[in-house]
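The figures here come from the full heavy-atom set of this structure, side chains too, leaving out hydrogens, waters and symmetry mates. Reminder, nothing fancy here: chain letters follow the sequence lines and each chain counts from 1.
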Amino acid sequence: MHELSIVDGALAIVLERADQAGAKRIHRVRLRIGALSGVVPDALQFAFEALVPGTLAESARLEIEEVPARFWCATCQAEFQSDDMFAECPDCHRPSGELRAGREMEVASMEID
Amino acid sequence: MCKDCGCGLPGANPIRVSGHGHEHTHTHEHEHEHAHEHGPGQHHGEPHDHSHSHDHAHGHSHGETEHSPGDSDHTQREARRTLELRQAILGRNDRLAERNRGFFRARGLLVLNVLSSPGSGKTTFLRETVQLLRPDVKTGIIVGDLATDNDAVSLRKSGAPVVQITTGTVCHLEAEMVSRAVKQLDLRDLQLLIIENVGNLVCPASYDLGEDLRIILLSVTEGEDKPLKYPPMFQSANVVIVSKTDLAPACDYDRAKALANIRKIAPEAQVFETSAKTGQGMDAWRDFLLKRCREQQTVDPLAD
């Protein structure tokens with residue numbers, strides 16, 4: 001269910017913008033999903049297929065761009081990448097509480113005609 | 001609808017906000033365009049009894065973008081174009097939350113978003129908090145639950161004005177619900193607004209309400225590893241309250257382990273260990289809030 005509601009929110013944005021742009025059809029929808037957003041890309045695909053029938057995006061392809069997680073270490077004044085929620089700075093080994101990227105859930109773009 | 005669990009699908013129970021006797025109902029609107037088109041393979045082979053006409057003359061000029069309701073679509077290969085959207089899926093909530101935040105700051109109001117799993121003792125803890133702060137700080141409360149106003153009734157015993165939001169099927173509060181609920185509170189005398197979120201350690205993590213501080217309760221009866229099991233929620237905490245410490249001996253609570261787990265997920269969060277029942281640790285929490293309420297009076301509402 002988790003992913004179903006994300007796709008529902010994304011579709012609401014996409015369909016509104018397609019309508020404004022006078023699109024006849026949506027061919028492709030691209031999402032940006034952070035590595036730590038807690039969302040599974042396969043489940044997004046499944047949800048997308050379940051929700052698009054009867055909409056302009058009926059035959060659209062869903063593409064998912066994964067955004068790696070980046071943390072900020074206040075001690076080293078540097079960013080580091082980690083796929084772990086319990087991220088530790090690789091240099092000073094202190095835990096970081098500041099996630100700078102990786103929680104994204106964003107509609108990046110779509111292709112229409 | 002909640003992005004995490006899918007609750008609150010359109011058309012489900014309306015959300016109610018009830019403060020003093022009257023209620024407002026509200027449903028989330030979803031306007032999807034449902035274009036009347038035929039799917040692949042359905043164009044010609046199947047019998048139709050639609051009353052609208054299908055023009056199969058292939059006579060449209062390419063590049064035409066007009067779309068009258070009766071047209072069937074034969075122009076799939078028309079020039080495609082890419083629209084950059086770059087819109088956060090929860091962007092609308094984030095915008096409304098920022099609006100709330102500006103409104104609260106302009107009034108010098110400190111706002112807490114209080115989160116925990118069901119049964120961690122939020123309501124009792126908050127009732128005690130309100131009483132300890134009086135008369136220095138006057139508090140208003142917004143409380144969210146799926147159903148019943150039991151918590152509101154309990155919290156009103158503290159003497160604070162309380163607005164109950166019953167969310168129907170929605171498992172979290174959203175910024176818009178808070179902005180509607182707050183209209184039912186007389187904010188003029190208040191210095192502190194406490195929002196008791198729906199008991200849930202998953203979904204409310206994603207929804208900013210416009211609060212200054214996120215307060216997460218963890219009762220000693222829940223197990224020391226709760227922060228590790230629900231990292232997004234604990235990671236977003238400004239303050240972690242360990243509650244029901246009077247029950248620690250009865251459930252073999254490992255204090256060092258629990259604190260280490262909290263630090264691991266939320267290294268910058270302030271931790272208070274409290275028992276609302278015995279009052280243990282409540283003074284430190286009260287002093288913290290008194291200080292923050294005083295500071296809030298001088299916050300520049302337009303500062304970051």
Checking side chain to side chain donor-acceptor pair (under 3.5 Å) between B:E222 and each of B:S120, B:S117, B:S243, which is the one that passes?
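For B:E222, the side chain to side chain donor-acceptor pair (under 3.5 Å) check succeeds only for B:S117.
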
By number, which residues in residues 225-233 of chain B have some heavy atom less than 4.5 Å away from chain A?
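Contacts with chain A: B:L228, B:P231, B:P232.
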
All side-chain hydrogen bond (donor to acceptor under 3.5 Å, both in side chains) counterparts of B:D145, not counting sequence neighbours:
B:Q164

Kindly write out the residues that satisfy side-chain hydrogen bond (donor to acceptor under 3.5 Å, both in side chains) with B:R263, not counting sequence neighbours, or none if the list is empty.
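Counting only residues at least two positions away or on another chain, B:R263 forms no side-chain hydrogen bond (donor to acceptor under 3.5 Å, both in side chains).
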
Regarding B:E295 and B:R292, does a basic nitrogen lie under 4.0 Å from an acidic carboxylate oxygen?
yes

Is B:R101 paired with B:D208 through a side-chain N to carboxylate O contact shorter than 4.0 Å?
yes

Structural part of B:A88 lying under 4.5 Å from a heavy atom of chain A:
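Both backbone and side chain.
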
Can you say whether B:E84 sits under 4.5 Å from chain A via the side chain, the backbone, both, or neither, judging by heavy atoms?
both

Could you list the donor-acceptor pairs under 3.5 angstrom formed between side-chain atoms of residues 103-111 of chain A and any protein atom two or more places apart in sequence or on another chain?
unit_1: A:R103; atom_1: NH2; unit_2: B:Q235; atom_2: OE1; d: 2.6
unit_1: A:E104; atom_1: OE1; unit_2: A:G102; atom_2: N; d: 2.7
unit_1: A:E104; atom_1: OE2; unit_2: A:G102; atom_2: N; d: 3.4
unit_1: A:E106; atom_1: OE2; unit_2: A:R32; atom_2: NH1; d: 3.3
unit_1: A:E111; atom_1: OE1; unit_2: A:R28; atom_2: NE; d: 3.4
unit_1: A:E111; atom_1: OE2; unit_2: B:R80; atom_2: NH1; d: 3.4

What part of A:A21 gets closer than 4.5 Å to chain B, counting heavy atoms only: side chain, backbone, both or neither?
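For A:A21, backbone and side chain are both near chain B.
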
With under 30° as parallel and over 60° as perpendicular, where do the rings of A:F71 and A:F80 fit, or are they tilted in between?
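Parallel.
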
